[in-house]
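Computation of the quantities below employed the complete heavy-atom set of this structure, encompassing side-chain atoms and omitting hydrogens, waters and symmetry-equivalent molecules.
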Amino acid sequence: MTLTKVTVASTLGLAAAGWVVAIQQMQGMDMGVATELGSLAFFMGAWVPMMAAMMLPGAVPAVSRFVRANGRALAAPVFAASYVGVWALFGLAVYAVYQPHSTTVAGMLVIAAGLYELTPLKRYCRRRCRSSVRSGFQFGAYCVGSSVGLMVVLISLGVMSIAWTVVIAALVLTQKLLPPRAWVDVPVALAIVAVGMLVLT
């Protein structure tokens, strides 16, 4: 088996393991907008596997390019670990500011997230998230910029919701693998805004 195939298999295997752990941790925790995060250790114990599950499948092309450029077996785990590490830092920020909230707050945040999907910053980060990068940390920084709106939707509607996690993970994967296209991206952004408006009503 070639190094590239090993990289793909191991990255997807780690993502699958992340799903198993995250689902176990999140069972019974979803209370929608009233969800409590629990202790920092508990939250990070769910958040880090969840990020590995959600983000690593879309990172496979970037990890493979990085391994081919470096030609070292350890390049893949180092890249993946630093990439997930960026999302772990994002999780610490979420824990610091998150509070159980009303549906009004959730709706407003979701609308703002939908509007963010239409911004030049989103498009720039998304393009960079699909290009060659020097490290997993740099890749993670651009991918946070690309996916932060979608993550706000998840955090607003149910940070421990398995159903919303699956939906957002599918959107993140699609946006990582497909180039920006207005005829796809604009309807997605408007759909997110519509969800926010429904939450407000």
Side-chain angles (χ1 to χ4, degrees), residues 14-15 17-56 58-59 78-117 119 121-122 124-126 128-129 133 135-169 171-173 175-176 189 192-193 195-196 199-200:
L14 185 58
W19 276 113
V20 172
V21 174
I23 289 173
Q24 289 178 341
Q25 291 287 89
M26 294 161 64
Q27 288 285 356
M29 292 298 297
D30 179 29
M31 297 179 62
V33 298
T35 298
E36 297 276 358
L37 298 186
S39 69
L40 177 60
F42 173 84
F43 173 71
M44 295 304 291
W47 179 266
V48 173
M50 182 168 65
M51 291 301 98
M54 294 177 69
M55 302 300 173
L56 283 178
V78 170
F79 187 98
S82 57
Y83 173 58
V84 175
V86 173
W87 283 106
L89 292 174
F90 182 81
L92 290 175
V94 170
Y95 189 85
V97 302
Y98 178 88
Q99 296 289 335
H101 46 276
S102 65
T103 54
T104 300
V105 171
M108 292 173 65
L109 287 172
V110 172
I111 290 171
L115 295 176
Y116 176 79
E117 293 293 297
T119 64
L121 178 60
K122 160 73 179 194
Y124 172 77
C125 289
R126 184 174 169 193
R128 292 305 304 267
C129 194
V133 291
S135 68
F137 185 85
Q138 184 189 47
F139 181 69
Y142 284 125
C143 289
V144 167
S146 174
S147 302
V148 65
L150 298 176
M151 295 306 297
V152 167
V153 174
L154 173 62
I155 294 162
S156 301
L157 297 180
V159 66
M160 293 293 180
S161 167
I162 295 172
W164 277 115
T165 299
V166 171
V167 170
I168 298 303
L171 288 173
V172 168
L173 178 61
Q175 290 191 350
K176 275 194 172 67
I192 293 173
V193 171
V195 169
V199 172
L200 283 175

With sequence neighbours excluded, residues passing salt bridge (charged side-chain N to carboxylate O under 4.0 Å, His left out) with R126: D185

Contacts of K176 that satisfy salt bridge (charged side-chain N to carboxylate O under 4.0 Å, His left out) - sequence neighbours left out: none

With sequence neighbours excluded, residues passing side-chain contact (heavy atoms from CB on, under 4.5 Å) with A80: L56

In Å and rounded to the nearest 0.5 Å, what is the [atom1] to [atom2] distance from [X] to [Y]?
| X | Y | atom1 | atom2 | value |
| --- | --- | --- | --- | --- |
| M54 | L171 | CE | CG | 9.0 Å |
| L109 | L157 | CG | CG | 9.0 Å |
| R128 | S146 | CZ | OG | 12.5 Å |
| I155 | S161 | CD1 | OG | 12.5 Å |
| M44 | L37 | CE | CG | 11.0 Å |
| E117 | K122 | CD | NZ | 3.5 Å |

Contacts of type ring-ring contact (aromatic ring centres under 6.0 Å, His included), residue Y95, not counting sequence neighbours: F43

Pairs satisfying ring pair (Phe, Tyr, Trp, His ring centres under 6.0 Å), at least one member in residues 147-167, at least two apart: none

side-chain hydrogen bond (donor to acceptor under 3.5 Å, both in side chains) pairs, two or more places apart, involving residues 25-52: none

Aromatic plane relationship, F139 with F79 - under 30° parallel, 30 to 60° tilted, over 60° perpendicular: tilted

Derivation and outcome, disulfide (SG to SG under 2.5 Å), residues C125 and C143: CA-CA 7 Å; C125 289; C143 289; over 6 Å; no

Crowding at CE, M29 (>12 non-hydrogen neighbours, <6.0 Å): yes

